[in-house]
Amino acid sequence: MFFRSLLRMSDLDDLVLEIRSRALPGSFSVIVTDIDGTITEDDRSLSLSAAKTVQEYAGKIPIVLASGNTLCFTRAVAKVLRTNAPVIAENGGIVLEEYDGNPVVNDSYLPEMRKALSVLQEHFEFVVFDSYDRQTDIAFSKTFDVEKARHIISGFSELSIVDAKYAAHLVGKRINKGTALKQVADFYGISPENIVAIGDSANDIEMFHEAGLSFAVANAPDFVKKEADIVLSKKFGDGFSDAVLALDEAGVLKFRK
Ligand SMILES: O=C(O)COP(=O)(O)O
Ligand SMILES: [Mg+2]
């Protein structure tokens, strides 16, 4: 990550100029993108613009989906978008390097998470999402004050609650999309500096910090935008598409041979 400046882009040309003006660590050979709020619209439907961009570029450069969603969901999105690249699920708890391979699952925090969940359930009413399918983190509806919940479970020193906009997640402090991005870098034998990250929410901040260049879409909250190198002028999938097209136009993407 280079400069954490807040820049508002007016159009694609400005974005290309902005990328060209950066002291970049060479070229980028992998793009890691969040799903919800980045390649989906506000109602969580798939952005047609983002889908078109992924399909145009996935044959040329790995586009890794990195999501708070379950492996099953994230893998299916990768399949239908034909990314043909690793996926990161459950906020980094699961990394699937090859579509038909075995996932690397880090569920070391789960016993503590279950205890913290019981404590939260004594204080708040909420829905636990896809518990039949989650292996490493616990996701739930944000029907309560997240700050208050953080305070209540503050005794669980290894855990935190991350607000991923569409859900809150109980996560382990040392597992996140940033640690998973480093696993993906190892898989490709490259430095995390040669990876671009694009996202919209608090659960994307660690991957912004690990990546060589990071973009926040315009719908991201200000505290997330502050952590990205570049803030896109467009929201959701249109912002994602602008980032990829501008990176290509700026000549900083290294395509597969
Ligand atoms: O699972 C969530 O809450 C959000 O998912 P995302 O990381 O793809 O935005
Ligand atoms: Mg998101």
Chemist: Below 4.5 Å, heavy atoms only, C-beta onward: do Leu159 and Lys173 meet side chain to side chain?
Modeler: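 No - every pair of side-chain heavy atoms lies 4.5 Å or more apart.
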Chemist: Which label fits Phe126 and Phe144: parallel for a plane angle under 30°, tilted from 30 to 60°, or perpendicular past 60°?
Modeler: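 Correct class here is tilted.
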Chemist: Between Asp242 and Phe240, does the side-chain contact (heavy atoms from CB on, under 4.5 Å) criterion hold? Intermediate values first, please.
Modeler: CA-CA 6 Å; Asp242 270 7; Phe240 166 85; over 6 Å; no
Chemist: Rounded to the nearest 0.5 Å, how far apart are CD1 of Ile19 and CG of Leu247?
Modeler: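 Result: 4.0 Å between the selected atoms.
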Chemist: Is the shortest heavy-atom distance from the side chain of Phe187 to the side chain of Pro86 under 4.5 Å?
Modeler: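 Phe187 reaches Pro86 side chain to side chain.
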Chemist: Donor-acceptor pair, distance only, cut-off 3.5 Å: does the side chain of Asp107 make one with the backbone of Leu110?
Modeler: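 Flag not set: sc Asp107 to bb Leu110 has no pair under 3.5 Å.
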Chemist: Quick one: are Ile152 and Val119 in side-chain contact, heavy atoms under 4.5 Å?
Modeler: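 They are in side-chain contact.
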Chemist: Are more than 12 heavy atoms from other residues, nucleotides or ligands located less than 6.0 Å from atom NZ of Lys60?
Modeler: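 Yes, NZ of Lys60 has more than 12 neighbouring heavy atoms, counting only those of other groups under 6.0 Å.
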Chemist: Give a yes or no answer on whether the side chain of His151 reaches the backbone of Glu147 with a donor-acceptor pair at less than 3.5 Å.
Modeler: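 Absent.
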Chemist: Counting only N and O atoms by type, is there a donor-acceptor contact under 3.5 Å from the side chain of Asp200 to the main-chain atoms of Ala216?
Modeler: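 Not a single qualifying donor-acceptor pair exists.
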Chemist: Going from OG on Ser21 to CD on Glu18, what distance comes out if it is rounded to the nearest 0.5 angstrom?
Modeler: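 One finds 4.0 Å between OG of Ser21 and CD of Glu18.
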Chemist: Has Thr143 got a side-chain atom pairing as donor or acceptor with Glu125's backbone, closer than 3.5 angstrom?
Modeler: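 Checked: pair present.
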Chemist: Does one hydrophobic cluster hold both Val171 and Ile175, with members joined at side-chain heavy-atom distances below 4.5 Å?
Modeler: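 Different hydrophobic clusters.
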Chemist: Under 3.5 Å, side chain of Asn219 to main-chain N/O of Phe236, donor-acceptor pair present?
Modeler: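 A pair under 3.5 Å: yes.
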Chemist: If we ignore angles and hydrogens, is there a donor and acceptor under 3.5 Å between the side chains of Ser49 and Ser241?
Modeler: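 Yes, Ser241 and Ser49 have a side-chain donor paired with an acceptor closer than 3.5 Å.
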Chemist: Who else is in Leu17's hydrophobic cluster (ILVMFWY, side-chain heavy atoms under 4.5 Å, direct or via others)?
Modeler: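 Joined to Leu17, directly or through intermediates: none.
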Chemist: Report yes or no: does Thr40 contribute a side-chain atom to a donor-acceptor pair with the main-chain N or O of Gly37 at less than 3.5 Å?
Modeler: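 Judged by distance alone, yes, a pair lies under 3.5 Å.
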Chemist: Can you hop from Val146 to Val224 via hydrophobic side chains spaced under 4.5 Å?
Modeler: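 Shared cluster, no.
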Chemist: Listing request: all side chain to side chain donor-acceptor pair (under 3.5 Å) pairs with a residue in residues 243-257, at least two apart in sequence or in separate chains.
Modeler: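 For residues 243-257, and leaving out neighbouring residues, the side chain to side chain donor-acceptor pair (under 3.5 Å) pairs sorted by first residue read Tyr57-Asp248.
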Chemist: Specify the closest pair of heavy atoms between Ser29 and Pro62, including all atoms of both residues, with the distance to one decimal.
Modeler: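 Nearest heavy atoms, Ser29 then Pro62: O-CD, 3.2 Å.
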Chemist: Would you indicate whether the side-chain heavy atoms of Asn102 and Leu96 approach each other to under 4.5 Å?
Modeler: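 When only atoms from C-beta onward are counted, Asn102 and Leu96 do not touch, as no gap falls below 4.5 Å.
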Chemist: Is Leu15 close to Ile230 at the side-chain level, that is, under 4.5 Å between some pair of heavy atoms?
Modeler: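 Yes, side chains in contact.
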Chemist: Check for a donor-acceptor pair, side chain of Asp11 on one end and backbone N or O of Asp14 on the other, with a separation under 3.5 Å.
Modeler: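 Judged by distance alone, yes, a pair lies under 3.5 Å.
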Chemist: Would you compute the distance between atom CD1 of Ile205 and atom NZ of Lys225 and round it to the nearest 0.5 angstrom?
Modeler: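 Reported value, rounded in 0.5 Å steps: 13.0 Å.
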Chemist: Under the side chain to side chain donor-acceptor pair (under 3.5 Å) rule, what pairs show up with a residue in residues 163-172, not counting sequence neighbours?
Modeler: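 Every side chain to side chain donor-acceptor pair (under 3.5 Å) pair that includes a residue of residues 163-172, provided the two are not neighbours, is Asp42-Lys165, Asn91-His169, Asp137-His169, Lys142-Asp163.
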Chemist: Who passes side chain to side chain donor-acceptor pair (under 3.5 Å) against Asp36, sequence neighbours left out?
Modeler: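 So Asp36 forms a side chain to side chain donor-acceptor pair (under 3.5 Å) with Arg44, Asn69.
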Chemist: Is there a side-chain contact between Asn194 and Val30 in this structure, where contact means two heavy atoms from C-beta onward sitting under 4.5 Å apart?
Modeler: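 They are not in contact (no side-chain heavy atoms under 4.5 Å apart), so the answer is no.
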Chemist: Does the Asp204 side chain pair with the main chain of Ser201, one donor and one acceptor, at a distance under 3.5 Å?
Modeler: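 Checked: pair present.
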Chemist: Within the 4.5 Å heavy-atom criterion, are Thr33 and Val64 side-chain neighbours or not?
Modeler: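 Sidechains of Val64 and Thr33: no contact.
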Chemist: Can you tell me how far apart OG1 (Thr83) and CZ (Arg75) are? Round to the nearest 0.5 Å.
Modeler: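 If we round to the nearest 0.5 Å, Thr83:OG1 and Arg75:CZ are 11.0 Å apart.
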Chemist: Between Ile88 and Leu181, which heavy-atom pair has the shortest distance, and what is it?
Modeler: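 Looks like CD1-N, 4.0 Å.
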Chemist: Residues in side chain to side chain donor-acceptor pair (under 3.5 Å) with Ser160, at least two apart?
Modeler: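 Testing Ser160 for side chain to side chain donor-acceptor pair (under 3.5 Å), a comparison that skips the adjacent residues, returns none.
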Chemist: Quick check: is Val16 connected to Leu245 through a chain of hydrophobic side chains (ILVMFWY, heavy atoms under 4.5 Å apart)?
Modeler: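 No, because Leu245 and Val16 fall into different hydrophobic clusters, even though each may have its own neighbours under 4.5 Å.
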Chemist: Tell me the closest heavy-atom pair linking Gly199 and Asp34, and the distance in Å.
Modeler: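 Heavy atoms only, the tightest pair is CA-CB, 3.8 Å.
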Chemist: Establish, from distance only, whether the side-chain atoms of Asp229 and Ser214 form a donor-acceptor pair under 3.5 Å.
Modeler: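 Short answer, yes.
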Chemist: Under a single-linkage definition using a 4.5 Å side-chain heavy-atom cutoff for Ile, Leu, Val, Met, Phe, Trp and Tyr, are Val95 and Tyr188 assigned to the same hydrophobic cluster?
Modeler: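 Hydrophobic grouping puts Val95 with Tyr188.
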Chemist: Would you name the heavy atoms of Ile195 and Ala211 that are closest together and state the gap between them?
Modeler: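 Heavy-atom minimum between the residues: O-CB, 3.3 Å.
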Chemist: Going through the distances and angles, do Val32 and Val196 end up as a side-chain contact (heavy atoms from CB on, under 4.5 Å)?
Modeler: CA-CA 6 Å; Val32 177; Val196 170; over 6 Å; no
Chemist: Quick one, Leu117 with Leu170, criterion side-chain contact (heavy atoms from CB on, under 4.5 Å). Give me CA distance, side-chain angles, the key distance, then yes/no.
Modeler: CA-CA 8 Å; Leu117 180 67; Leu170 258 173; 4.3 Å; yes
Chemist: Please report the interatomic distance CG(Asn106) to CD1(Ile94), rounded to the nearest 0.5 Å.
Modeler: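 Result: 10.0 Å between the selected atoms.
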Chemist: Which pair of non-hydrogen atoms, one from Ile198 and one from Met207, has the smallest distance, and what is that distance?
Modeler: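 Distance-wise, the nearest heavy atoms are O-CE, 3.4 Å.
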Chemist: Are Glu158 and Arg174 ion-paired here, with the side-chain N under 4.0 Å from a carboxylate O?
Modeler: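 Yes.
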Chemist: Using the rule that two of Ile, Leu, Val, Met, Phe, Trp, Tyr join whenever any of their side-chain heavy atoms come within less than 4.5 Å, decide whether Phe156 and Val162 are in one cluster.
Modeler: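 The answer is no; the residues belong to distinct hydrophobic clusters.
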Chemist: So Glu112 and Lys115, side-chain contact (heavy atoms from CB on, under 4.5 Å) or not? Walk me through it.
Modeler: CA-CA 5 Å; Glu112 279 299 286; Lys115 286 185 208 160; 3.0 Å; yes
Chemist: With a 4.5 Å heavy-atom cut-off, do Leu232 and Lys234 have their side chains touching?
Modeler: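 Leu232 does not reach Lys234 side chain to side chain.
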Chemist: For the CD atom of Glu41 and the CG atom of Leu48, what is their distance to the nearest 0.5 Å?
Modeler: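 If I round to the nearest 0.5 Å, the distance is 7.5 Å.
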Chemist: May I have all residue pairs that pass ring-ring contact (aromatic ring centres under 6.0 Å, His included) and include part of residues 71-112, sequence neighbours excluded?
Modeler: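 Qualifying pairs, neighbours excluded: none.
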Chemist: Closer than 3.5 angstrom, by distance alone: can the side chain of Ser141 be matched with the main-chain N or O of Val127 as a donor-acceptor pair?
Modeler: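 Yes: the side chain of Ser141 pairs with the backbone of Val127.
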Chemist: Work out which heavy atom in Ala185 is nearest to a heavy atom in Pro192; give both atom names and the distance.
Modeler: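 Here Ala185 and Pro192 meet closest at CB-N, 3.8 Å.
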Chemist: Any sub-3.5 Å donor-acceptor pair from Glu90's side-chain atoms to Gly68's backbone N or O?
Modeler: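 No, Glu90 side chain to Gly68 backbone: no donor-acceptor pair under 3.5 Å.
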